[in-house]
Structures are given as structure tokens and as C-alpha cells.
Engineer: 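Would you mind keeping the following structure in view while I ask a few things?
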Amino acid sequence: MKPPRSRRHWLGAYQQMLLIRRFEEAVETLFRQGRIRGTAHPAIGQEAIAVGTCMALASCDYITSTHRGHGHFIARGGDPARIMAELFGKATGYSGGRGGSQIMADWSLGFLGSNGITGAGLPVATGTGLSLKVRKANGVAVCFFGDGAASQGMFHESLNLAALWRLPVIYLCENNQYAMSTPVNATIAGGSIVARATGYGIPGVTVDGNDLIAVYEAVQKARQHVLKQGPILLECLTYRLSGHSRGDSCNYRSPGETEKWKARDPLPRFKAWLVKQGILTGPEARRIQSTVRTIIRDAVRFARSSPDPQPFRQSEGIPT
Amino acid sequence: MKPPRSRRHWLGAYQQMLLIRRFEEAVETLFRQGRIRGTAHPAIGQEAIAVGTCMALASCDYITSTHRGHGHFIARGGDPARIMAELFGKATGYSGGRGGSQIMADWSLGFLGSNGITGAGLPVATGTGLSLKVRKANGVAVCFFGDGAASQGMFHESLNLAALWRLPVIYLCENNQYAMSTPVNATIAGGSIVARATGYGIPGVTVDGNDLIAVYEAVQKARQHVLKQGPILLECLTYRLSGHSRGDSCNYRSPGETEKWKARDPLPRFKAWLVKQGILTGPEARRIQSTVRTIIRDAVRFARSSPDPQPFRQSEGIPT
Amino acid sequence: MTTRSFTEAIRETLEAEMRRDRRIILMGEDIGAYGGAFGATRGLLDRFGPERVINTPISELSVVGAATGAAMTGLRPVVEIMFMDFLTLAMDPLVNLAAKARYLFGDQARCPLVIRTACGAGRGYGATHSQTLTAWLLHVPGIRIAAPSTPTDAIGLLKTALRGNDPVLFLEHKLLYGTREELTLPVAKIRPCPYGKARVVTAGNDCTLVAWSWMLQEALRAHAILSQQGIRIDMIDLRTLAPMDVATMVESVRRTGRLVIADEACRSGSVSAEIAARIFEQAHDYLDAPICRLTAPDTPIPAASNLEAGWMPSAADMVRAVHTITGR
Amino acid sequence: MTTRSFTEAIRETLEAEMRRDRRIILMGEDIGAYGGAFGATRGLLDRFGPERVINTPISELSVVGAATGAAMTGLRPVVEIMFMDFLTLAMDPLVNLAAKARYLFGDQARCPLVIRTACGAGRGYGATHSQTLTAWLLHVPGIRIAAPSTPTDAIGLLKTALRGNDPVLFLEHKLLYGTREELTLPVAKIRPCPYGKARVVTAGNDCTLVAWSWMLQEALRAHAILSQQGIRIDMIDLRTLAPMDVATMVESVRRTGRLVIADEACRSGSVSAEIAARIFEQAHDYLDAPICRLTAPDTPIPAASNLEAGWMPSAADMVRAVHTITGR
Ligand SMILES: Cc1ncc(C[n+]2csc(CCOP(=O)(O)OP(=O)(O)O)c2C)c(N)n1
Ligand SMILES: Cc1ncc(C[n+]2csc(CCOP(=O)(O)OP(=O)(O)O)c2C)c(N)n1
Ligand SMILES: [Mg+2]
Ligand SMILES: [Mg+2]
């Protein structure tokens, strides 16, 4: 089945996925070169989820993200240059350099922020759903969270609240098999995250998170569902192809496993589909590659050449 | 089926149930009379759970209790006089008057304390199970908690940990239909607490909590299970026949509902069974009543005549 | 003129403000039909319905987290945390998101969230239902803290909280709920009370006595005794702890040369320490005697009435402290 | 003689003590094969197996709660909280149970629980991975707080924590992990270090400088500069904050008349306030100048390196403070 989307949309999705991939690769390189510091968690291998989800959303929708948030932000329309500037700790970054990789947001995009506290986005999305409902506003909240976050009490409390109050929230678990070094079988008793939906009387759906179209369709359906009937739990199976954060040797997982997942890399997979459908041609592919290369190069340039934030003024941004 | 227990045991159980009932009634009266202060949460109507559970336990087992803990403590062998003295704020109380109704414990009985924080016993019992397992000690931990506590994140986290690590813990929910004034249908999305067990890959069992024998048998089975295979969730359906705590008018529930549950009062129900089985005779019943009356009277006397705690010494009990 | 209890003051303010601003919602355990553990929301469910008076399950962490999310997306949630001791469960969203949002995300991230909570000892509720953990929040930049001692101030400070754009911790001492006051104006007419502006309750040049919340009521009793003895104290009701009106205290200490701070919490790391440090920093030369911090001792709060009474600083302790510090 | 990093010191102490006492278990996120976010448990899983080195899911609240339960029933759990900021999620069991158990339940309720956690800014990790929230725990009677600044003290203080019967918060500053020291004895031979006993690092009569944890390292740099300028400071490493060695500070201030406290945390309600208040209470007459509290400002911790560097008190700030306070 060819989903009812125009050629342009599919190409746009591909470009977004590629952009996220290249952005994260650039970040890894910049870290290795010591040109940015702090921490960052690349979303390499998980691009289909971010892009597939955001394609299915409307501009009135909200997103809460995680520590691994660059991809979500870019997919939602965040400006790679300002994200990069934030990583460089520059005044032009999304948080003016104050936040860093884990703390960026843009209300105008309904992007309520990446979040350094594992699981903390869950109640925030729940409250966003509550706000939409009480204000009788159109829209849904999408809550990205990881398999590791599913062990937090906030998972339980939030799903329970949202189910009780029938809030329009899509709880979207990016199950990339690991929480840092810890495999899901050491964190998820019973073996299934999605199975827990039943306990709250809400639907739970598993999706191949490395299949952009599958994610897109699932979120589209989920969106319709939550608007009418309350929350849903969507589990997207995926794998992070890079380390957890910089300096992670991934000694806790076998090369064989990683190879297996590399074969399911969402990017070549979606590309192959595009080619097969006749949507992506050779010249088009080169054009997209070059566009992405330019965006990344410009982003790094912008970030590098941006001014440092003003030396600290104590009270700014703090209510007194 | 007549459970394989001696006549003496069943009579003992009845006496314990009656003792808890009369103890809690005395506490209510003492509050009304202004002879004790602070707060207390009577377990009237829930006696079968406390007594049935403790009958099924061994002395090597541990219990964590709740804010509604007098019944659990008495059933486990706690001295009513010292419990009463604690309510009176006397030096002879279980916590020397420092704790009050919600803070009493006796390690020698494996009674790790009532707990004023709703849900906080859940991780404590989990850790007790871990301790038993790591020390390769015999015994299980029983965690009493309410339907209200099931909405706390600790419920999820603790069951998940215990299931992952196959800890010998019985999570025993006393579902008395209300958390303070809030009915279960406003706190438990999906409508069933026990159904959530599935999400952790552990068994969930529902029991008529107003049927002493049913509780006893269920806990007995559960104990065998958790010793070998890890945790279980046991939901005992019951009803508190009194207010949540003193001064509760119960305006949030209908008299009809309460009447319906009064008809299932575990005490007359068990008594009727005993009579039918020929275990309880008229003189025996009178003897038990009088024994209980004496225990309560002595407890109040003991409490009243006990000395006040020593005026405050700052550092005592506090590491420096 | 009408008299109002502290509880009524809160309830009527919530009601008036909810009528004024549809974005205000209430969340909390048993705040619906039951009206809240202390009755502060009684009747509001009937008036505003379950969409605005949201009776929550026992999930302090996610309720505060959800309120933060709702505050950041257009609502003005007021969360009732039944006892302040339970804030231990809900620190994360307050500290790591609500308090930091404006600094990190800028003005797009307004977070008009009010946490109302019952603090304080004195009713025999025991060690896990009596704590006053205000000092923790004082240490968290980005949260305003109100600690009213009278119905009038409760009304004014709550109004300001409900009309502001930043998270506020609003402290309601259990012993205050029943206290009454004659109001000079109807609740709806009482003005929002500015934060960071202390109230000088009594004027005197012998000693400064700083208090807030319940301790201010004890201070009034101490004042009655002291004034009979001819000792005139400058009594300052801080009203808000963040921001803190240091200027008023400094001005007073410059006149009196002496300062007693009455803080109900455990001594170490208490608000009283911060006050003492700031006054020393700004009025060191004017102090004729060491500052006296009157606090509870560093132990959990005992339940027995004699122990609890001994644990809490009292009017008698204040009188003694003023005697000592003034050398009378 | 061997040199050890702070991380190695912790790791080897854990190992040595685990060999010595079978009741010690470790719990925490990624402490197994990964060896902990900062490497402090590397290799211990292999040595002691998964029953004693327990790699937990991300459930800070219940892991600390479970550790409390385990501590009260015969084990000696050491929980690693990856970043101190995450303690916001786990305050309840610490505050409402572990800290209060002995006072409320008596000696039957021993709670030998150690919480190790990485605190502090300086690595650009941002506002939710850099906080030092020690003041909160200082306000909770019943918890001991260790804040070592050197590998040797880390060893000694951790040993004491592991052999004691009370809950301990053990602070490991991120910037310390990589610092190295030449040990005079093998780890196994180093004595447990008493709590409540400060270390006088340098002796001098011009000014007292009190620090702990990472700030002590900055203080050493300040000392180097100051001593070249002929300014002799009494540098005190508090080592533990609860109990706190007030006597040593008082003794020093009596000699120097001047006190600078270097505290990395946000200013309001910080540990520095409590220290200042206590010193004033006990050494008021000896102070020749107002106490200087050198702290971070009351804002979240910014990520950008220039902002972060400006946020943290530094050696240069200490030098300036000593100059100001000594009038040089
Ligand atoms: C409350 C909290 N605990 C621990 C951490 C440290 N930490 C950061 S990411 C992470 C793993 C999260 O796993 P998961 O939710 O599966 O997301 P993933 O990294 O796989 O995308 C951990 C433990 C944190 N940031 N916050
Ligand atoms: C963390 C926390 N939140 C709220 C309360 C106040 N409170 C005490 S008991 C109770 C209801 C508990 O309901 P449930 O768990 O069903 O137990 P029950 O009272 O029915 O026995 C509440 C809300 C508390 N003690 N602790
Ligand atoms: Mg993951
Ligand atoms: Mg209940």
C-alpha cells in the first residue's frame, strides 16, 4: 500500500531523516574534536520514529522529548543551526547557551522541551493533555520516552491519570533495547512494555520503529484515537546505532547484535522503498544529500561564529 | 472444605478479629472523648485480612503496614497495651510516644512498621524481599497497601523490581473501595488493580477479603508461590465500615452501599461459620468476648497510667 | 465587616479568582466532594465542576508534574499537597522543571503553578505529617514562597500567586486554619499582596523579632507578655520567604541592634540560617548581641503532646529569648 | 607508595569493604557491566556477582526505598544515584523513613544505608545534571553527610559510612573523580575517618577559609596564590557536613578574626548559611569583619562554559574575597 501522501512529503521525510543522521554524526565528531563539551545523546538509528511521528502531527499538537532530543526537535521543525548553537553554548542557541543538549524548547512549534530527567516528560505530557482538554483546545500531546523511562513511577502514575481522565496523549515509547547499558530484559519485568497498557484499560500498539511508514501510520491512527477516546501507548521497536552518549564503548552489547540491527537501519530502508516506488531518483538523492550537507555546514558555521552568552547576570529569568 | 487447622486456631483467629474490632472501637471512643489526639485510621471491617494473613505466615516472615496499621500489628502479635500507649503518647508505647498511630514497629515480630506515607511500604517490602534473597534467609515479606496506594509510582517500580529479581514478596492490596473519600473508579484506570499484575509477568489473585478463610488460604498459597517463584499480587476486596480517620462523616458514600457491606461484615460472618462448624459454642463465645473486653480495658488502663515520655532530649536517637 | 477563618479565606479567594480567570484549575487528593483534608476547597466542586476541581489519585509526583505541564500550556493549576511532608515525592518537577523553566527557556515558558500545602506541627500528627520543609525550596531559585500568618495576608498573597506567572509554594500552617480575623473588606475587594514586602506588626526599639506563618501567632502572644513588662519589640511578619524582604529587617535591626528569628523548622539548614547570614552581611555593625535563632531541635517531630510542645518554638521561648538578648 | 584517583579510591574501598563484610551490596543504574556512569564500580560485578552488585532499572524512588528496607533487615546497601539532581525523585524514603527510623523505632531499626552520588557543576552537563543539593539533607536530622575532597578522605569516610549503622549521604564531586593523590598506605590499611572532624589543611593567622568537596581544591589554588602574596590562611576542609565540626572553625576564627566560606551551591538556604549562623553564634565577638559567603548565585546552573565558569565560585573569587576581608 502506498500511503496517501504526496511525493514531496515522502522526499521531505527522507531529507529530515538524513538531516538528523548527519546532524548527530556531526555532533559526535565535534565532541571527539573537543569543539563542544558537556554531553549529548545521539539518536542515530532512531530517525524514523521522530520523523514518522512528526509527519502525522498537526501544528496544534505538542511534543515532550527526552535527553535524546535533537532528532525530535529537528523533525518538529527546530532550526538545526540554533540547536547546534545551543550545543556550542552560544547566545544564539535555543536556550541562549544556558540549557545545553538536554534543555531546549520552542513553544511556537509546540515542542515543550527535551528533558534531562529520565521519565520526567511523562507527567508533563499528561498535564499538556489535561490543558488541551480543559481548554477544549484542538490537538494532542505526544510524549516520547525510552524503554528505560518505563521503569519510572511516573510512567504508571501518568498513564493512570491520562486513562482516568481520557486525555489526548500518545505515550510513545522508543524502545531501543537499552537504557544506557542496561538491556530491556533487566528493566522490564514480564518482558513487554506495551502489555502494560491493558492494566490501564487503554490500547497498546507495537510498531516497527525502523519503518518510517509504519510509524507514520500508527501515529496517525493513534492521533485520531486519542482525540476521541483518550490515551494510547505506542511502542516503537528500534535500536540506537551509536553509543548512549559520547565516550560510550558499548561494551555491554555484542557486535553481532549491532550488526543485525544495522541491517534494519531505517535510513537505507526508507531510501530503498522510495527508490522502489520511483519517488527517489539518483539526482534527487544527490540533491537532498547536498542540501543536508549545506544545512549542517551552515549550522556549524552559525554556531561557531555566534557570540558567547553575556556573562552572567544573576537575576535574569529568575522571578524576584 | 474445612481447612486443616485445629479448633484452637480458628478460635484464636476469631478472638484476634474481635480484639481488633474492639480495639478500634475503643480508639474511636477515646478520640471522641478527647482522651487521645493526633490521628488514627481504624481498620473496622477489614479484620479478616489482617488476621487471615498473619495466620498464614511464619515467624521468619516480615510485614510492612500502612497508616491503617493497628489491625496488622495486633494480628501479628503486637501488644494492644503498648499500641494503645503509643496512641496516648506514653513512654511505654511502641515508639515511646514519639511515633503515634502511624509509626509503630516491632522487629522481633518482623513487623517493620506502619507508615504514614501512602505507598511507602511498597519499596520497603521489596527491599526486605531482596534482603531475604541475598542473605539466603528463609521467609517472605508481606506488603499491605491500599487501593489508593496503587496509584503511586512506587507500586509500579516496586512490582517491577520484585518481579525482575524474583523476590519473595506478597503485595497484598486491601481494596476497601476508597482512598479517603475517593472511590476506586476515580483512581484505578481500567477498573482492576489485580489486572496490573500481568504487566509484570506475575500472578494476580483476587480474594474476598471479608472471608477470613479465603484470605488465609490465599496467603498460604501465595507464600508457597513467592518462596519459589517470586512475587505475587493479591487483591483482597473489602470495605471500611468506619470513617477514614476520626471526624470523617463519610458524606462521599451512600448509606445503601454501606448497608450492603455491613451485611458482609467479616466478623459475624466468620462467627456464623464457626458456630455452624460446631467450633464456637455459646459459652466459648462469651469467654472470648470477656477476654477481649479485659484486654482492651487493661490496655487503656496501662496506657492511661503509663508515664509521659521524658521531656525532649535533643540528640537521642539521632546520629551525630 | 465580616470575620473569616484562614480556611475560609483560602476557599473564598480560590472561588473569587476562579470566577475571574477561567484558566485556574484545582488539583489534589480529596479536594472534590470531601473538600480537602482541611476543608479549603469545600463546595468548589459543586460550583466549578470536575473539569476545574480535579480530584486526583494519590500520585503526588505526576500530579505536580502534570500541573507543571498544564501551567506551561495555558492553564493556572493550583495543586493541594495534603501535607507538606508529601512534597518529598514531588520535588523533581518543581525543582528540575517548574523552577528552572523561565531561566532556561525564556519567557515562552511561563509556569504559573501554585502549590498549596499544609505544613507544621502542633496537632500530634507525627513525624511524617508535621514537617515544614520550606528551607529546601528557599534553596531552589525560581520558586516564590508565601507563608502567610493571617487570613488577610492569605487572601492577598494567594491572589498574587494566582495572577503571577511563576511557580509559588504557598504554605498553610495547620494551626492557622482555624484562626479567625475580622476583614476590613470583602474577600473580592482585598488587594493582591506584593511578594518580598514584610509587614511590620508592632513597632519597638528594644529588639527585632522576625517570624512568619504560625510562628507569627506565637510572636503576638510573646509581644503581649513583653509589652506588659515594658519591652517593646519590632515584630516583622516576613509573609514571603522568596523573595525575602531583607531591607525591612536590616532597617529594624539598625534601630534595635538585636534580632530574634522564630522558625518552626529543624535548626540545621533552616530558613533562619539564611536570614541570620543575610542580616550579618548587611547589618553586622549594628548588632549589639548575637542573633538568636529560635528553632526546633534537629530531630524528627514527636507525636506525644508533651514532646511535640517541647519541640516547637513557643511564645514562652520567644519571651525568654528576648529577655536574654536584651539582657533583662 | 601508590597514586590513586578519586574514582579508584572509591572503587577499591568498595571492593575491600565488600570482601570484609558480606552484608554490603551495591545498587544503582548501570553499575554492572558498565561500571557506573563515572566508573566507580568497574569490575565489581565480575568480582562479586549480580546478587551483590545489583544493576537496577531507572527507579530512583523505589531503589532507595528498597535499599532502606534492605538496610533495616540485615544488609548494608550502597546506592549509587548517578547525578545528585535525581535525588529529587528519592527524597521520601530518605527523609521520611531512613533518617527517622532510629529516633522513632529505637535501636531495633538500624539503617546502614549509604547513598553515593555525583554532585557539582563544571562539566557543562547543564541545569539538571550539575546541582549540589546538600543543604536539603543538612536540614534532615538523622542523615550523615560526607563531602571528601581527596582520595584519602574518600577512602576513610566511605569506610566509616560502610561500617556505621546510620544513613549516610556520600558526595562525590564530578570534578574530583579524575584527581589523583599519592597514598601513604594501601587502601586496605587506611583507617576509617571519623565524621565531624575537620582537617586543617594549611595554618595561618590572616583569614580562615572553610571549604569541602571540590571547593577545597579551588581553595588550594587560592592558597598558592595568597601565600606568594604573603597572606597566610587557615584552610579547613570540613570533610563532613553532618555532623559538622564547628569547634575547629570557631578555634580558627578566634585566631584569624575572619572567615570565608566557599560553597558551590546556590546561595539562598545553602550550607554556607548554616555555617555562618553557627560561627556567629559561637564566635561573634572574635569576628573582625563580616563573614564572607562565597557561593554560586541564585540561578539554575547554565551549560555554556563561560556562564558555568562564572556561576561556580573559583580560586580567583577566593583570592578576591580574602583580599577584601583582610583589607589587602
Ligand atoms: C532520573 C534519571 N535517572 C537517570 C538518568 C541517567 N540516564 C540518562 S539517559 C539514561 C538511560 C535512559 O534510557 P531510555 O529511557 O531507554 O532512553 P535511551 O537513552 O535509550 O534513549 C539514564 C539512566 C537520568 N538522566 N535521569
Ligand atoms: C504520600 C501520601 N499522600 C497522601 C496521604 C494522605 N492519605 C492518608 S491515607 C489516604 C488514603 C489512602 O487510601 P488507601 O491506600 O486506599 O488506604 P485506606 O485508607 O483505604 O486504608 C491518603 C490520601 C498520605 N498519608 N501520604
Ligand atoms: Mg532505551
Ligand atoms: Mg482504600
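This structure is a prediction, so every number in the text was calculated from the model and none was measured. In the text below, chain A, chain B and the rest are named by the order of the sequence lines, each starting its count at 1.
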Engineer: If we define contacts as heavy-atom pairs under 4.5 Å, which of B/T126, B/N115, B/L112, B/V134 has the most with chain D?
Structural biologist: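 Looking at each of B/T126, B/N115, B/L112, B/V134 in turn, B/V134 comes out on top.
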Engineer: Going through the checks in order, is the salt bridge (Lys or Arg N to Asp or Glu O under 4.0 Å) test met by D/E51 and B/R135?
Structural biologist: CA-CA 10 Å; D/E51 287 230 324; B/R135 292 187 290 115; over 6 Å; no
Engineer: Under a 4.5 Å cut-off applied to non-hydrogen side-chain atoms, are B/I117 and D/D92 in contact?
Structural biologist: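 They are in contact (side-chain heavy atoms under 4.5 Å apart), so the answer is yes.
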Engineer: Is there side-chain contact between B/W107 and D/D107, with heavy atoms separated by less than 4.5 Å?
Structural biologist: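 Of all side-chain heavy-atom pairs linking D/D107 with B/W107, none is under 4.5 Å.
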Engineer: Is it the side chain or the backbone of D/T240 that comes within 4.5 Å of chain B heavy atoms, both, or neither?
Structural biologist: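 Contact with chain B: none, neither part.
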Engineer: Can you tell me how far the CG atom of B/N160 sits from the CD1 atom of D/I58, to the nearest 0.5 Å?
Structural biologist: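 Separation between the atoms: 11.5 Å.
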Engineer: So with a 6.0 Å cut-off around CZ of D/R191, is the heavy-atom count from everything else above 12?
Structural biologist: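 Count not over threshold, so no.
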Engineer: How long is the straight-line distance from OG1 of D/T56 back to CD of B/E157, given to the nearest 0.5 Å?
Structural biologist: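 Between B/E157 CD and D/T56 OG1, I get 10.0 Å after rounding to 0.5 Å.
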Engineer: Please flag which part of B/D106 lies under 4.5 Å from any non-hydrogen atom of chain D: side chain, backbone, both or neither.
Structural biologist: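 Both the backbone and the side chain of B/D106 come within 4.5 Å of chain D.
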Engineer: About how many Å separate OG of B/S95 and NZ of D/K100, when rounded to the nearest 0.5 Å?
Structural biologist: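 Spacing of NZ (D/K100) from OG (B/S95) equals 13.5 Å.
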Engineer: Between D/A71 and chain B, with a heavy-atom cut-off of 4.5 Å, which part of the residue counts as in contact: side chain, backbone, both or neither?
Structural biologist: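 For D/A71, neither part sits under 4.5 Å from chain B.
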Engineer: Measure B/L164 against the heavy atoms of chain D and call it side chain, backbone, both or neither at under 4.5 Å.
Structural biologist: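 The answer is the side chain of B/L164.
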Engineer: How long is the gap from OH on B/Y94 to CZ on D/F105, to the nearest 0.5 Å?
Structural biologist: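 B/Y94 atom OH to D/F105 atom CZ measures 12.5 Å (nearest 0.5 Å).
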Engineer: Pick whichever of D/P50, D/A109, D/P77 has the most heavy-atom pairs under 4.5 Å with chain B.
Structural biologist: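 The residue among D/P50, D/A109, D/P77 with the greatest pair count is D/A109.
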Engineer: What part of D/M244 is in contact with chain B, defined as an atom under 4.5 angstrom from a non-hydrogen atom: side chain, backbone, both or neither?
Structural biologist: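 Contact with chain B: none, neither part.
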Engineer: If only atom types and distance count, is the side chain of B/R98 paired as donor or acceptor with the main-chain N or O of D/Y103 below 3.5 Å?
Structural biologist: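 Confirmed, B/R98 side chain pairs with D/Y103 backbone.
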Engineer: Can B/V124 and D/L97 be said to form a side chain to side chain contact (heavy atoms under 4.5 Å, CB included), step by step?
Structural biologist: CA-CA 9 Å; B/V124 175; D/L97 186 53; 3.4 Å; yes
Engineer: Side chains of B/L161 and D/S62: does their closest heavy-atom pair fall under 4.5 Å?
Structural biologist: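 B/L161 reaches D/S62 side chain to side chain.
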Engineer: Could you tell me which non-hydrogen atom of D/I54 sits nearest to which non-hydrogen atom of B/W165, and how far apart they are?
Structural biologist: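 Scanning both residues completely, I find the closest heavy atoms to be CG2-CZ2, 3.4 Å.
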Engineer: Can you tell if the side chain of B/M104 reaches within under 4.5 Å of the side chain of D/L104, non-hydrogen atoms only?
Structural biologist: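 No, too far: nothing below the 4.5 Å cut-off.
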Engineer: Does any non-hydrogen side-chain atom of B/P123 lie less than 4.5 Å from one of D/T68?
Structural biologist: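 With C-beta onward as the side chain, the pair stays apart.
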